[in-house]
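Lettering follows sequence order; numbering is per chain, from 1.
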2 protein chains.
Amino acid sequence: MKSRSKYHHGELRSALVSLAVAEIARAGVEKLSLRSLARQAGVSPTAPFRHFPDKQTLLAGIAIEGFEELTGRLTETSESNSDIEERFIELGTTYVGFAQEFPVHYQLMFGAVLGDFSTSKELQEAAASSYAVLDATLAEMKHSQDLDHDVATLGGLVWSAVHGMASLVINVPMASVSTGADAAPRQAVKSIHNDMRAGLKMVYRGVMR
Amino acid sequence: MKSRSKYHHGELRSALVSLAVAEIARAGVEKLSLRSLARQAGVSPTAPFRHFPDKQTLLAGIAIEGFEELTGRLTETSESNSDIEERFIELGTTYVGFAQEFPVHYQLMFGAVLGDFSTSKELQEAAASSYAVLDATLAEMKHSQDLDHDVATLGGLVWSAVHGMASLVINVPMASVSTGADAAPRQAVKSIHNDMRAGLKMVYRGVMR
DNA sequence: ACCACAATGTGAGCATTGCTTACATTAAAG
DNA sequence: CTTTAATGTAAGCAATGCTCACATTGTGGT
């Protein structure tokens, strides 16, 4: 039960994260203000500091939340696909799908705003968990398929392609550029996005013998 | 000749851009301060506003500078490679090479910090120029090679892979993560980076019939 | 050579921000 | 039920982005 007096918010931490994500989506990370978040949450300007030592850590919190969600999705995808090639491809679509649904999180997870992850052990671990799922699949492929390139190179290539797709789907700076004759790039992105499975298959076959 | 009195800086605009790039590389875009730049340039705190209406525009200026440099490099690469496949591959290495040498610029050009490009016509045009070079090569490939996929999809795939490589080479959040057993991702990136040509060839062959 | 004028830089100042420090209230544990 | 840790508040400081009124300088038209 909740006390009538709202001296204690009760869910401030998670409320701040949600509000921050919404604010970033609306106005960009550049104009995010802790005080504004506090106002929206109906709390004093200094209350947020009881949950995050500073602004950076609040942002890191969003990234951590993102990695946790991503890890969950990747794990689920991995477990529900026994065929290795199928799994490989589905992991890619899951990855890009996540980026689509959580653009703000993704941007914090892979953008340069957060700088080096070394400042937060929690962040490092959350990120490592996500990559562990991908690594596992890669390792299995190494044994179950005849690759003509080492797994490291394969991983880099695939990761590059998938990560690139995700980035483009999110940012698509071209959305504003391609208004006329130069609409090709945008269509390209849209196309590759619409037919992600085909795209990954192409990469896959470029690597396999 | 320069007047002895330095009431007028003379090169303030470009000086501010350089200083800003250095500052971002050192401390991140989050703690960039116009006043600090002014101090470093030895001018009053309000002087920068004579060259940029606001902070965002200063950042956009960096991105524009980046697109100009990139366009120049891509053009040069394109002109010095007559063979189409060779050109295709070299464009990719040039792209990633640029990202490596100008990480701050790249981050502003393709990150989410700048939001929608629609705020600056100059930015839109600078970006369009860069993509024009890639589009041209893609269009030529369509006619000189037998592709089993339309050029739009091909463009998206290649752009994704190259852009992804560039992003990873720059950010490599893993640089801090992979300190122990999970060093695989980093090696993957390093490998794909070291052997960029081979990587692009894989993609290329995945797409070609 | 002059001088009006646009370009560039200055100084003071305002609202807002991140963050600190000292204190208040509440929830939880003993 | 009391002690204590968790959580929130109030006041305040230095720094920032930006505006406005004013100063200085370079430049083009006569």
*Quickly work out the A:Glu30 CD to C:dT16 P distance and round it to whole Å.*
19 Å
*Does D:dA15 have OP1 or OP2 sitting under 4.0 Å from an N or O in the side chain of B:Ser36?*
no
*Tell me which nucleotide among C:dT10, C:dC19, D:dC18 gets nearest to the side chain of B:Ala47.*
C:dT10
*asked:* Does a side-chain N or O of B:His51 approach OP1 or OP2 of C:dA7 to a distance below 4.0 Å, or not?
replied: no
*How close or far is atom P of C:dT17 from atom CD of A:Glu23, stated in whole angstroms?*
10 Å
*asked:* Rounded to whole Å, please give me the gap between CG in A:Asp54 and P in C:dT20.
replied: 8 Å
*asked:* Base, sugar-phosphate or nothing for A:Leu32? Non-hydrogen atoms, less than 4.0 Å.
replied: sugar-phosphate
*asked:* Please classify the nucleic acid contact of A:Ser44 as base, sugar-phosphate, or nothing, using heavy-atom distances under 4.0 Å.
replied: base
*B:Thr46 (side chain) and C:dG11 (base): donor-acceptor pair under 3.5 Å*: yes
*Counting side-chain heavy atoms from CB outward, which of D:dG8, C:dT8, C:dC19 is closest to B:Arg50?*
C:dT8
*Quick one: label A:Leu58 by what it contacts on the DNA or RNA (base, sugar-phosphate, nothing), any heavy atom closer than 4.0 Å.*
nothing
*For B:Arg13, report the nucleic acid contact type (base, sugar-phosphate, nothing); a contact means any heavy atom under 4.0 Å.*
nothing
*asked:* I'd like to know if B:Arg26 and B:Glu23 make a salt bridge, using a cut-off of under 4.0 Å between side-chain N and carboxylate O.
replied: yes
*Describe, in one word, how the ring planes of A:Phe110 and A:Tyr95 are oriented to each other, choosing from parallel (under 30°), tilted (30 to 60°) and perpendicular (over 60°).*
tilted
_Rounded to whole Å, please give me the gap between CD in A:Glu11 and P in D:dA6._
17 Å
*For the pair made of NZ in A:Lys55 and P in C:dT17, what is the distance, rounded to whole Å?*
9 Å
_Without decimals, in angstroms, what is the distance between A:Leu37 CG and C:dC19 P?_
12 Å
_Just by distance, no angles: are the side chains of B:Thr93 and B:Glu90 close enough, under 3.5 Å, to form a donor-acceptor pair?_
yes
*Within the side chain of B:Arg87, is there an N or O that forms a donor-acceptor pair under 3.5 Å with the backbone of B:Asn81?*
yes
_Tell me the interatomic distance from A:Phe49, atom CZ, to C:dC19, atom C1', rounded to whole angstroms._
5 Å
*Position toward the 5' end of DNA chain D (nearest nucleotide), A:Arg35 or A:Pro45*: A:Pro45
*Are any of A:Arg39's side-chain N or O atoms less than 4.0 Å away from OP1 or OP2 of C:dT17?*
yes
_Rounded to whole Å, how long is the line connecting atom CG of A:Leu34 with atom P of C:dC19?_
6 Å
*Parallel, tilted or perpendicular: rings of A:Phe102 and A:Phe98 (30°, 60°)*: parallel
